[in-house]
Amino acid sequence: MTAIEEDWLRLAEAMIFAAATPVTPRALGQLLPDAADTDAVIAALRARYDGRGVELAEVGGGLQFRTAADIAPRLRRVIQLSRRLPRVAMETLAIVAYHQPLSRAEIEHIRGVALSQQTLETLLEAGLIEPKGRRETPGRPTTWGTTTAFLTQFGLKDLRELPPPEDLLLEPPRPAEG
Amino acid sequence: MTAIEEDWLRLAEAMIFAAATPVTPRALGQLLPDAADTDAVIAALRARYDGRGVELAEVGGGLQFRTAADIAPRLRRVIQLSRRLPRVAMETLAIVAYHQPLSRAEIEHIRGVALSQQTLETLLEAGLIEPKGRRETPGRPTTWGTTTAFLTQFGLKDLRELPPPEDLLLEPPRPAEG
Amino acid sequence: MALPSSEPDAPRETLLLRLQGFEGPLDLLLDLARSQKFDLAQISILDIVDQYLTVIEGARRVRLELAADWLVMAAWLTWLKSRLLLPADQQEMQDGAVAAEALAERLRMLAVVRLLAGWLGARPILGQDVFARGMPEDHTDIDRSRLAVDLATLVGSYLRAARRGARDRAYQPRPLTLWTVQDALRRLGVMLGSVPDWASLEQFLPDHLTGPTERRAALASTFMAGLEMARDGTLRLRQSEAFGPIQLRAGLGPLETGLPEDDA
């Protein structure tokens with residue numbers, strides 16, 4: 001492995017900094033000279049930003065700079081916040097994340113209540129879920145799945161980062177709900 | 001003057017990074033603890049980014065991060081979008097191709113409508129037509145013909161490769177006298 | 001919020017309010033299951049069935065018109081309970097056990113979803129807890145200089161333009177440019193001097209006749225002019241046979257009129 005040149009770090013830093021969405025390692029590799037080891041450059045860049053106000057995160061299959069989580073309480077006063085998802089939307093999102101692709105009827109079966117149009121629209125507008133084709137059963141219902149924006153929004157590398165259901169159930173019951 | 005605490009630098013860095021508009025030193029000062037010297041924090045932050053892929057720039061009285069000037073051209077990606085010629089331009093070009101050299105008045109006569117300056121300029125800018133001298137009639141109008149670039153663009157060896165008007169029309173148009 | 005089966009004397013309004021706080025029967029059942037304080041993997045369906053029926057009974061005492069799905073669930077749970085209480089060797093009891101396990105599975109699934117929603121909500125959420133760059137830079141240039149054109153479009157455009165051009169031009173009848181007798185008189189007068197001998201009438205037609213119609217008209221005009229000029233003796237005409245070629249030559253002028261023909 002060759003040494004990491006400062007120039008490569010600068011290039012990678014600038015590219016990830018400029019982008020509005022996570023930059024894939026592949027796109028980064030195309031920008032860097034052939035001699036550069038993309039993974040090593042990423043690691044070096046992450047180390048450089050470690051503990052700073054802005055950190056390098058791996059989300060949604062790409063790299064993105066974001067502010068450090070511990071600063072959030074102070075930043076919230078000055079930075080425009082995105083809207084929090086209501087509880088119903090969060091639960092619906094969790095169902096889609098675990099059982100995708102699945103139809104609206106299947107979502108309703110799991111929650112035991114009808115899925116409101118508003119909830120569906122909230123998730124669609126936020127770009128968190130998307131249609132994933134139709135199921136070849138009577139009525140050909142549309143099935144839904146999560147998007148890359150979902151991963152980015154919740155800081156996940158990929159869907160495998162979601163905890164397995166057993167792990168969640170084995171958690172000791174929380175003393176007070178809420 | 002007190003020493004600059006790392007925490008202040010992190011806060012300033014995160015705020016300038018996340019803000020949707022340039023951050024004024026005043027706004028920054030309100031975020032930082034009273035003990036912090038805003039100007040000193042800005043100076044320290046600028047020094048930290050000096051020589052990196054991203055630098056702290058002062059724009060319109062505010063601070064923002066910006067891609068380093070020497071890196072920006074290397075990040076530039078050019079996307080080529082094919083542009084279609086407007087219908088009017090295409091018709092005009094076709095008439096010039098078939099009846100060259102001919103004057104503007106003759107083009108108008110064949111198309112049966114007036115020819116806008118803009119259309120002529122579109123074709124000129126695209127390098128598809130060029131002036132071919134003046135006609136020795138009253139007013140000495142400029143005559144127009146197609147260019148070599150026209151042939152290249154349409155994949156023609158020469159103008160004789162165009163299908164003859166007789167193959168296309170029962171009564172091919174004739175440019176008016178003049 | 002633990003639902004109190006241990007508080008049967010709870011105020012009625014509180015009971016109803018609690019019922020309305022749940023998103024349907026499944027939601028209430030899950031809450032009852034949780035209040036067992038057991039591992040959710042070991043839900044005792046019989047226990048929560050009793051609790052559910054108690055809650056519904058209490059709610060119905062307060063208000064009769066309870067939403068249908070609450071009552072449907074109550075009826076189904078009553079049926080389930082009756083099956084579960086039968087001696088263990090009966091087929092119905094086994095059916096009940098399967099149904100109870102299916103319900104427990106649904107509750108576990110819903111519990112997992114709740115937990116995952118909580119897990120997601122506790123993560124650093126973009127736009128809430130962490131922030132991306134507020135002013136991203138776009139280093140993409142769009143080059144629109146390239147043209148998307150093809151020969152077919154060019155030829156098609158030509159056809160369209162030509163057809164429209166022909167249609168839009170106002171119709172003008174082509175003016176007939178026939179050779180008049182006056183024209184013929186002038187031309188004959190000029191040409192006669194340079195014709196020494198008999199010459200065919202056709203030789204005196206103008207050069208620029210475009211079609212057969214114009215040609216025949218000119219021939220007729222020239223003949224008329226010839227007759228006119230022969231009358232005053234400016235020229236002489238002859239035709240050796242019917243429908244034969246008409247010939248003419250210069251005459252001797254008006255004074256010569258009446259003199260015998262002499263070809264010397």
Side-chain angles (χ1 to χ4, degrees), chain B residues 14-23 54 59 64-67 71-85 87-95 97-99 107-113 125-128 150 153-156 161-163 165 167-169 171-173 176, chain C residues 120-179 183 206-214:
Chain B
M15 183 182 181
I16 298 168
F17 172 84
T21 50
V23 175
V54 170
V59 184
Q64 74 175 80
F65 285 115
R66 216 168 42 183
T67 307
I71 297 272
R74 296 163 71 188
L75 292 183
R76 188 148 298 140
R77 223 158 36 104
V78 177
I79 293 178
Q80 282 213 330
L81 283 185
S82 290
R83 182 170 55 105
R84 290 201 157 274
L85 276 181
R87 196 180 137 118
V88 185
M90 202 64 179
E91 286 186 13
T92 306
L93 182 62
I95 291 167
Y98 272 107
H99 299 283
I107 297 171
E108 291 179 335
H109 176 78
I110 293 176
R111 283 195 65 232
V113 284
E125 268 167 34
L128 296 170
F150 163 81
Q153 186 78 56
F154 286 91
L156 299 167
E161 274 200 86
L162 284 175
D167 289 1
L168 305 169
L169 293 162
E171 204 182 329
Chain C
L120 284 174
R123 290 192 63 79
I125 297 172
L126 190 67
Q128 294 280 346
D129 310 301
V130 294
F131 301 93
R133 183 137 181 228
M135 287 176 285
E137 292 170 75
D138 190 358
H139 292 289
T140 307
D141 280 351
I142 295 179
D143 175 7
R144 293 180 189 275
S145 64
R146 206 173 56 178
L147 286 175
V149 291
D150 55 77
L151 197 55
T153 319
L154 182 78
V155 170
S157 301
Y158 178 67
L159 279 176
R160 197 172 51 226
R163 216 179 306 122
R164 198 202 30 244
R167 193 188 59 221
D168 289 356
R169 234 166 283 140
Y171 175 72
Q172 283 180 314
R174 211 152 11 128
L176 275 177
T177 50
L178 294 183
W179 193 246
D183 295 332
D207 304 321
H208 56 77
L209 297 172
T210 44
T213 310
E214 285 84 352

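We name chains A, B, ... by the order of the sequence lines, and we start the count at 1 in each one. Any value given below was found using the heavy atoms of this structure, including those in side chains, with hydrogens, waters and symmetry copies removed.
Between L162(B) and L154(C), some side-chain heavy-atom pair lies under the 4.5 Å cut-off. The shortest distance between side-chain heavy atoms of P163(B) and V155(C) falls below 4.5 Å. Two residues are said to be in side-chain contact when any heavy atoms from C-beta on lie closer than 4.5 Å; V149(C) and F150(B) fail this criterion. Inter-residue side-chain proximity for Y158(C) and H99(B) is flagged as met; some heavy-atom pair is nearer than 4.5 Å.
Rounding to the nearest 0.5 Å gives a distance of 9.0 Å between CE of M90(B) and CZ of R160(C).
Listed for the R133(C) side chain is a donor-acceptor partner under 3.5 Å among the backbone atoms of F65(B).
The choice from L151(C), D150(C), L147(C) that makes the most heavy-atom pairs within less than 4.5 Å of chain B is L147(C).
Here the shortest heavy-atom pairing between F17(B) and A132(C) reads CE2-C, 3.4 Å. In terms of heavy-atom proximity, E91(B) sits nearest to A161(C) at OE1-CB, 3.5 Å. Of all heavy-atom pairs spanning M135(C) and Q64(B), the tightest one is CE-CB, 3.6 Å.
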Inset, instruction - Step by step, work out the side chain to side chain contact (heavy atoms under 4.5 Å, CB included) result for H139(C) and R77(B). - result: CA-CA 6 Å; H139(C) 292 289; R77(B) 223 158 36 104; over 6 Å; no
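P73(B) does not touch chain C: none of its heavy atoms, backbone or side chain, sits under 4.5 Å away. Of the atoms belonging to A19(B), it is backbone heavy atoms, and not side-chain ones, that fall under 4.5 Å from chain C. The contact between T21(B) and chain C is made entirely by backbone atoms, counting heavy-atom distances below 4.5 Å.
In this structure, R83(B) places its CZ atom where more than 12 heavy-atom neighbours from other residues, nucleotides or ligands lie under 6.0 Å away.
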